[in-house]
Amino acid sequence: MDQTATVRLTIDGKEIRVPENMTILDAARENGIRIPTLCHHPALSNWGGCRICVVEVDKAPRLVASCVMPVREGMEVVTNNQRILESRRTILEFLFAERNHYCMFCAQSGDCELQSLAYELGMDHLTVPPSFKEFPVDATNPFMALDHNRCILCGRCVRACKELAGNSVLNYQNRGARTLICKDLNEPTEESNCDASGVCVQVCPTGAMYERLRPHQMVLGKKGPLRVIQTRCPVCGLLCETQCSVRNENLIRIEGLLSTSRPDRGQLCRKGRFEPMLNRGKRILEPMVRRADNQMHPTTWEDALERLSAGLLEAKQKRAGILGLVSSDCCCEEMWLMRELLKEGMGGHVGLLERQAIIPIQQALKEMERTFLGLRECSWVHLAQADFILLVGADPEESHPLLASMIRRAAMERGASVASMGRSPALSSCKTLHVGVDPRDLSLGVKALLAGAIQAAGSSDPITRWRRILSEVGPVSSEAPLTGLSQELKNGADEIALGFMRSLSPLIVAGGELGSSGDNSALRRLMFLALLKGLLPQSALRLILLKTGGNAASAMRLNCLEIPAEMESRGAAACLVLLGEDQVRDLNGAVPQSDFLAVIGSHVPQELFGKAQVVLPRPLWLEQGGNYLSLDGHEVGYVSAVLSPPAGVRRSWETLLAVAGRTGVRGLPGELELLKARTMATMNLS
Ligand code: SF4
Ligand code: SF4
Ligand code: FES
């Protein structure tokens, strides 16, 4: 039975019953009664600053702000009468008069809450003279700008920066009519600690904070219906839920589904919000083949598919090596099809372009699973409960900015301690106990952490047990020599280890620097360190492994990772097929030499284009759709297409199935739903 205490009140004559502690605004909205607002945002704390939401309570002479006034038993609320309307209109007029709100020159015109409110309240002219001064515009960031001239000082951005992004970069400066929003100590965006997540832009009700890339597509009078599509972002493996606005096949913006009840608060980072909108250079829009003059020429799909299939069949006939390389931004279905076509169908091999960074992780996990059956990484959402977060060789601000924001919030809101070991402090705007260790020495650094943790644990019973396990599986013990580390580093490691062991719910976040030593010893040791504090539910280690790219976990699950050593040592592949989007690059020599190279990609860099015999266009993830496995392997999410591929660009499974048909590989599903089901079944995710 629901025990929540409720109160009874009337709003505009309608009797309602709502939980006590609710605000009048929420009670009204829950019952379908509209009250206009400006400074209020459902994902932010209530502020009561603008007073647009005023209502009359019990016929009192003073109007109250409904967004901060709690309901009480017997209350009589009126949300709309002449007095209220005049009050709202006066406030609105002053907001318009105090800054430059000539909408026809504003990037946000047509998509602005302030402008809509003026229409709603019938404010078609000012009865007070404009009093605005000219304020600066901060356009130092390539994605978003801050135009103080359009700011109504509603404070939404300031609260969002603190409460959602955990950044507290935004604040107020000056007083009265000269009050401005500022970043840090009045720095331009690019010199401040702003991480450009754009959450401030999403909550800003005016054109003061605006996206620089496509705002003109929203302007009033633009033809074509606005479509809003909910999907997921596949860029880094967190699979954030997003909402994409599209008009006339133009992606206008990508927003997060802001909510205080989610561990990530529904934000997005700059990679998910802004980067997909960037112009990434020349797009491959038609098939191309290399001809006798050694130049690439546009051709028909039939011709290009024939050339690729002939290359594969020749390599198969000669029993020479066939190799497929997928990039980590491919969806599960693409990886599965490459595997079925080239590995199962043609006897070749399929690996991951970013394998150098992922193989040590895979090896360490496998080793761990062999020793402790059923162990797995924990889900990144556990960051929301951790009281001690240890970052090792990780740079989440660069690789996974949303996790960086969750860590900052954990420190700010719950007092969680943050420590890091690696090249430089992992978080720039968060107090961190940092021990600087060159990435090549991280294995030694982690050894010192493990030794310190075992020492800190003393002789308590569970630790004695773990020490026995540790000695059985052969890792370091506290007595092992820690040569090569300075006393200062050892002291720092001991301090971190002590904090780690004393905490109740610690988490380790391991990043890309750990692979720099070329082996997995640092990772193995980190896993043992995590084990010292026991497991989370579902046999999950207190460890989050940050991986390059969005779908590397699928490549691990599908065994599309390693390639044979002779192919790795360049020159052994007769036919090489590359598939991917942004990541199709020769990362640190990850693309071996081959006699025949075919690239299926949306953008193909010159170093590959110059070597390829066949280039086939591939849609962007925004145009194709597919399943993606989260970074930690805990969740699979379907990323729906929000745009149609450009004319002449085929979906990559159509391309791969056409190649299968020409090379005699049978038994592949010809229909998308079947393809998804077979892929999920192979990955054990159905
Ligand atoms: S910049 Fe936008 S969100 Fe921030 S205070 Fe000004 S109007 Fe409000
Ligand atoms: S955190 Fe990752 S999944 Fe979320 S918006 Fe950013 S890139 Fe996309
Ligand atoms: S919306 Fe209530 S005071 Fe601004």
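Numbering of ligands and ligand atoms starts at 1, following listing order.
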Among protein heavy atoms, which lies nearest [atom], and at what distance?
{"atom": "atom 4 (Fe) of ligand 1", "result": "C157 SG, 2.2 Å"}
{"atom": "atom 6 (Fe) of ligand 1", "result": "C151 SG, 2.3 Å"}
{"atom": "atom 8 (Fe) of ligand 1", "result": "C154 SG, 2.3 Å"}

Contacting atoms of ligand 1, where contact means under 4.0 angstrom from a heavy atom of [X]:
{"X": "A208", "answer": "1 (S), 2 (Fe)"}
{"X": "I181", "answer": "5 (S)"}
{"X": "I152", "answer": "6 (Fe), 7 (S)"}

Output yes when [X] and [Y] qualify as a salt bridge under the 4.0 Å nitrogen-oxygen rule, no when they do not.
{"X": "D138", "Y": "K183", "answer": "no"}
{"X": "R408", "Y": "D195", "answer": "yes"}
{"X": "K14", "Y": "D12", "answer": "no"}
{"X": "D147", "Y": "R150", "answer": "yes"}
{"X": "K547", "Y": "E377", "answer": "yes"}
{"X": "E398", "Y": "R270", "answer": "yes"}
{"X": "E163", "Y": "R156", "answer": "no"}
{"X": "R88", "Y": "E120", "answer": "no"}
{"X": "R227", "Y": "E249", "answer": "yes"}
{"X": "E241", "Y": "R265", "answer": "no"}

For ligand 1, which part of [X] has a heavy atom less than 4.0 Å away: the side chain, the backbone, both, or neither?
{"X": "L153", "result": "backbone"}
{"X": "P205", "result": "side chain"}
{"X": "C204", "result": "both"}

Is the closest heavy atom of T206 to ligand 1 under 4.0 Å?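 Checking ligand 1 against T206, which is what was asked, there is a heavy-atom contact under 4.0 Å.
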Hey, is L25 touching ligand 3 through its side chain, its backbone, both or neither, going by heavy atoms under 4.0 Å?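 Under 4.0 Å from ligand 3, L25 contributes no heavy atoms.
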N/O/S atom of C39 inside 2.8 Å of atom 4 (Fe) of ligand 3, strictly under: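 Checking C39: at least one N, O or S atom is under 2.8 Å.
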Any N/O/S of C154 under 2.8 Å from atom 4 (Fe) of ligand 3?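 No, since none of the N, O or S atoms of C154 sits under 2.8 Å from atom 4 (Fe) of ligand 3.
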Within the 3.5 Å criterion, strictly below it, is a donor on E98 or S131 matched to an acceptor on the partner's side chain?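 Short answer, no.
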Pair T127, E93: side-chain N/O donor-acceptor within cut-off below 3.5 Å: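 A pair is found: one side chain offers a donor N or O, the other an acceptor, under 3.5 Å apart.
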With atoms numbered from 1 as shown, which atoms in ligand 3 lie under 4.0 angstrom from a non-hydrogen atom of [X]?
{"X": "C67", "answer": "1 (S), 2 (Fe), 3 (S)"}
{"X": "H40", "answer": "1 (S)"}
{"X": "T37", "answer": "1 (S)"}
{"X": "C53", "answer": "1 (S), 2 (Fe), 3 (S)"}
{"X": "G49", "answer": "3 (S)"}
{"X": "L38", "answer": "1 (S)"}
{"X": "C50", "answer": "1 (S), 3 (S), 4 (Fe)"}
{"X": "R51", "answer": "3 (S), 4 (Fe)"}

Provide the closest heavy-atom pair for P396 versus L391 in the form atom of the first, atom of the second, distance.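 Smallest interatomic distance, heavy atoms only, reads CG-CD2, 3.7 Å.
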Heteroatom N/O/S of C200 within less than 2.8 Å of atom 2 (Fe) of ligand 1: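 For C200, the answer is no, given that no N, O or S atom comes within less than 2.8 Å of atom 2 (Fe) of ligand 1.
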